[in-house]
Amino acid sequence: MTPADDVWLRPLARRRRRDLAVRARTPLTGGYASGGAERIDLDDGTAVVLKRTGAVETAALRAVAVVNGPVRLPRMLGSGDGWVLLDHEPGAPLPVGAPVPDDVWRTLALVHAHWRRNRPRGVPVVDDAWWARLCGHAAERLTAAGHDTAAASVVAWAGDDRARTALRALPRTLCHGDAHRGNVVAGPAGAVLLDWGNARVAVGSLDVVVLAAPPAGGPADAPSAPVPAVYRETLHSALGAPDPPAMVAVETAWARAAAHVQYLPFAADHQDPDRVTSMVRVAAAALDELGALLAEARRG
């Protein structure tokens, strides 16, 4: 529930050391609006965003606020039960076909490096139980939409040893969790990745796979966009050493499987059967690749 204005306006006025009044309100869409949000223009010439959200987004925004370096992140001005107040980031969604700006890749790399092998308080952890719930939820939505064959495949993956082994072996970090192009706003000061309400402690490549994914309206097995060198260069510089290529390959295979299972409920409810079939096909191939990579690692 959105709070009364006094709940957030008075603390903001104390912070800015002046009286403030609301001049205009505009509902927002895009990256701000997964929980319902509005832009609020104030009489000091600034604008803020008041967003309904849960405790996970508040925890994630606190966590990213401590990341050092040239990061471009939403700035939280206040929070309460079921809401956050953010600085408004002027800008527009990425044009169709335009590459994701380096600002976003660099920021993700710095967040991933800062929180590698650490868990921010209040952010859920991706583990065996999480993976089983993810597969179970996807299978339920697929069954409800009449995709029985796809649902049977996904149900079987809930206890898949390949996915579970990778989760135990790979380092986890703070991930955005829903880092698709629709959550990116590009403006005069640079590009920002908004909407951290699906944050989780997971394999960092989950964000990479989602951000580089092919257009959501086409087949899931279309080529992904190339991941700019700035991501790995920034990550490895911040960590102090490059990740072993074999580890990156395992990360990427796990992330490709997880990302496609994650978005299957949306596809089942809103997209055509060919899209669903291609997503299941990509997830199955990723799990097969993951199994081969893990077997090779055991032999090596």
Any side-chain heavy atom of E89 sitting closer than 4.5 Å to one from P74? no
Please name the pair of heavy atoms, one in A21 and one in L9, separated by the smallest distance, quoted to 0.1 Å. CA-CD2, 4.4 Å
Do V248 and R232 make a side-chain contact, defined as non-hydrogen atoms from C-beta onward lying under 4.5 Å apart? yes
Assess whether a salt bridge exists between D127 and R172, defined as any Lys/Arg side-chain N lying under 4.0 Å from an Asp/Glu carboxylate O. no
Could you check whether any side-chain heavy atom of T58 comes within less than 4.5 Å of a side-chain heavy atom of M76, counting everything from C-beta outward? yes
As a quick check of understanding, evaluate side-chain hydrogen bond (donor to acceptor under 3.5 Å, both in side chains) for S224 and R256, giving each step before the final call. CA-CA 11 Å; S224 296; R256 191 177 297 117; 5.8 Å; no
Do V71 and V64 have side-chain heavy atoms sitting under 4.5 Å apart? no
Given the rule that I, L, V, M, F, W and Y join up when any side-chain heavy atoms are under 4.5 Å apart, are V208 and L174 in one cluster? yes
Check the surroundings of atom CG in D272: do more than 12 heavy atoms from other residues, nucleotides or ligands lie under 6.0 Å from it? yes
So W105 and V100, do their side chains get closer than 4.5 Å, heavy atoms only? yes
Cluster overlap V184 with V209, hydrophobic side-chain contacts below 4.5 Å: no
R18, CZ: over 12 other non-hydrogen atoms inside 6.0 angstrom: yes
For the pair W130 and W254, name the ring-plane relationship: parallel under 30°, tilted 30 to 60°, perpendicular over 60°. tilted
Do you know which two heavy atoms are closest between P265 and R141, and how far apart they sit? CB-CG, 3.6 Å
L86 reachable from V66 in the ILVMFWY side-chain graph, under 4.5 Å edges: yes
Is a donor on one side and an acceptor on the other found under 3.5 Å between the side chain of Q262 and the backbone of G177? yes
What pair of heavy atoms forms the shortest contact from P214 to A222, and how long is it? CG-O, 3.5 Å
Contact between R168 and D128 at the side-chain level, heavy atoms closer than 4.5 Å - yes or no? yes
Around atom CZ of R10, are there more than 12 heavy atoms of other residues, nucleotides or ligands at under 6.0 Å? no
If two hydrophobic side chains count as joined below 4.5 Å and joins carry through other members, does L170 share a cluster with Y231? no
Check the orientation of H180 and Y263. Use parallel for under 30°, tilted for 30 to 60°, and perpendicular for over 60°. perpendicular
